[in-house]
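Read the structure below first, then the notes.
Chain letters run A, B, ... following the sequence lines, proteins first, then strands; residues in each count from 1. Atom set for the values below is all heavy atoms of this structure, side chains included, hydrogens, waters and symmetry mates excluded.
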Amino acid sequence: MPKCTINGQEVEVKDGSTIMEAFSKLNEGIAHYCYHPGLSVAGVCRLCIVDIEGNPRPQIACNTVVTEGMKITNKSEKIKEGVKWVLDFHLINHPLDCPICDQAGECGLQDQYMQFGKYSSEMAEPKVKKHKVVDLGPTVVLDSERCILCARCVRFTDEVSKTNELGLFNRGDRTEIGTFAGKPLDNNYSLNTVDICPVGALTSKDFRFRQRVWYLKDSETVCTGCSTGCNVKVYYNKEGAFRVKPIYNEKVNGYWMCDEGRFIYQWVNREFRLLKGRKKTQGQNGWQEDIEAGALAQDAHKAIKAAGDKLAVVLTGQYSTHEYQTLLKNLPTKKVYHWKNHPEKWEEFDGLLNRGDKNPNTKGLVKALSEASIKTDWNELASGIKSGAITTVIVAGPENMAVYGDLEEKIQMIGAAPQVIWATACKSNLFDKFSGNVWLLPMKSYLEKNGSFINHQGLEQNFKKATTIVSEALTLEEASYLLSGQSIPLPKVPSVDTFIETNRRPDQVTLEHRKKNEFVYKRGSL
Amino acid sequence: MSVVIKNPEKSKWYLSGVMGGLVITARHMVTNLFNRKKMMTLNYPEEKYEYSPRFKGNHVLTVKKDGSIRCTACMLCATNCPAECIKIVAAEHNDPTVEKYPISYEIDVLRCVFCGFCEEACPVDAIRMGPEWQTPGINGSQFIYDINHLAYRPQLKGGVVSVVDESERHKSGI
Ligand code: SF4
Ligand code: SF4
Ligand code: SF4
Ligand code: SF4
Ligand code: FES
């Protein structure tokens, strides 16, 4: 365990650690681009130079191993001057189109420049022009001019996703990132390259131009995409959620997350959500719309009371453990069934993060059921409905319906019961297939409540509420209180959209002006 | 607390004061009728006051030489606006040299405080504050100026051309 001194502070590091690791152990700031703790060391950006006592030339911190008694500093005048000039080299061909660059506001180049640079450029030569707006694949767009050639993305596809789509082509200042022979960057981890790109060279098609990053707030939570439970940060503002990025957790996901999980946020936005309660009464045509969620749940309570012991509950692994426990305590029935979507795929694993069980909390549900000593078989539900032993079914339906391929089939099966109380966060046309009495309760999504998920390894992870998107929605916990006839304070509903409705115009550019603006232009070869 | 002092003796003679006032009014009326140049007021709306061309009135979105919108939808103006009255929706452009452009640009001019910060923030001279100041409307939504009004309203006679011209930059490669 060698000891070294960094900027006057002594630190002991593991054998074979690099100076960079010693810096991050001390939380000392150091300029760097190409170093990423989750990737191999490339040492190409030369920005992490430090002074080592007794060494005549600066060394790079990311590729120099700490030896006993090393005295290291990055605060000396020589290093400050050096970093400034390395930065100047990085900016020689950089287009500096920050105003239209999606990375602006969270850009490594901007940050380092504010910290170490602040000089005027000494370059009079024209900048080398490279390809802009290159379509790398279904998820990522490349702007070669902004690329600083740190090769993080190349190393990622090489070492982590092991798909090897990206490479460096040409030499010198004409080097460009690209894909070989038109093979697109198309894997389930491709958007991680956008996260690790320190500049705005790689941007995500999904997020591109939708918001400036400084309009977004972030909050840490757990991904609900599968039973791995990656730790993520959700970026949102009052218009809804916009993107998801992974955060480091050694035990669960390391530095990465899959693309599938990144798109889960879309289901929580208003356009996909059930905003108000809906009810359908048998014999009547169409739905009664816009019923306040709390009132609807209290209404459904009457039906539950009348059903007595002909009540059954169906649970999916998409709610938090605490919600299951409260629900099982509140509802007086042992006929609780676990709805498993494609259980034959549950053991699948792609070798990195993504698992076949697309429910974040299957283990939590199993735990809550065994705590309440409930042991049931799914087939009993079908036969119970058929024989009339079950007349009323409460369903805690899936939040992310896209992974429930059996939704239609299950709606038909459960819809055979005369009364169904379906709790759901999202709307779906499939609900029109119900023939009996139906209560549709709007639920809160995972961003709008506190709770915990137990992932596939049995690790319990808490998450906290980030924001409110549908103010009237209930948590399963609140719904279970109301359904069992207890009264709780209901969420207050602010009247939204009080301002003049004519303010909303989607696309205002008239066709004539658009045509002028949208001639397709090809820039030709480099 | 106010005390009202009633002076019945004095208030009997109010008539002379009223008459005095009417005489002044009549004198001004007669001078204005026969000597209109000396008149202090304007006959608005037939006559209008001309402010200096540098007056910061209603916003104008400038255009490029080909008549398309200059704005790059960078949202720096919206970020800088203290009244938060600019709303922009950006989109991807088909032309790679343009990349980003606004499909919607709205200024809620009733909230605007005419500070000119938007103009100052813009890196490409895409928004300017023009000399117009008479902009009546009959309901709230008419004061939300959209992109077509800001850039192509008839008063602008086909649009104001921006001083920042990128086509030169593309040609020289800088
Ligand atoms: S990569 Fe960074 S420095 Fe370059 S244009 Fe984008 S925000 Fe600006
Ligand atoms: S695209 Fe981004 S991550 Fe890849 S080499 Fe360029 S700057 Fe680095
Ligand atoms: S003038 Fe000031 S208040 Fe008005 S839009 Fe511009 S920045 Fe906003
Ligand atoms: S008007 Fe100027 S500052 Fe505002 S979005 Fe357009 S380019 Fe940016
Ligand atoms: S971080 Fe060390 S050379 Fe790039």
Pull out the residues in residues 124-136 of chain B that come under 4.5 Å of chain A, heavy atom to heavy atom, sorted by number.
none

Residue from Thr139(A), Asp195(A), Asn188(A), Asp206(A) passing side chain to side chain donor-acceptor pair (under 3.5 Å) with Arg262(A):
Asp195(A)

Name the orientation class of the two ring planes belonging to Phe207(A) and Phe242(A) (parallel below 30°, tilted from 30 to 60°, perpendicular beyond 60°).
perpendicular

Less than 4.5 Å to any heavy atom of chain A: does that hold for the side chain of Ala78(B), its backbone, both, or neither?
both

Does the side chain to side chain contact (heavy atoms under 4.5 Å, CB included) test come out yes or no for Glu99(B) and Asp143(A), once each step is laid out?
CA-CA 11 Å; Glu99(B) 200 163 347; Asp143(A) 185 314; 4.0 Å; yes

Any side-chain to backbone donor/acceptor pair from Lys205(A) onto Gly137(A)? Under 3.5 Å, distance only.
yes

With a 4.5 angstrom heavy-atom cut-off, could you sort out which part of Asn93(A) is near chain B: side chain, backbone, both or neither?
neither

Step-by-step side-chain hydrogen bond (donor to acceptor under 3.5 Å, both in side chains) determination, Glu120(B) to Asn80(B):
CA-CA 9 Å; Glu120(B) 237 154 273; Asn80(B) 212 18; over 6 Å; no

Pair Phe114(B), His59(B) - check ring pair (Phe, Tyr, Trp, His ring centres under 6.0 Å), show working.
CA-CA 9 Å; Phe114(B) 291 95; His59(B) 310 70; 5.8 Å; yes

Any Ser445(A) side-chain heavy atom under 4.5 Å of Arg273(A) side chain:
yes

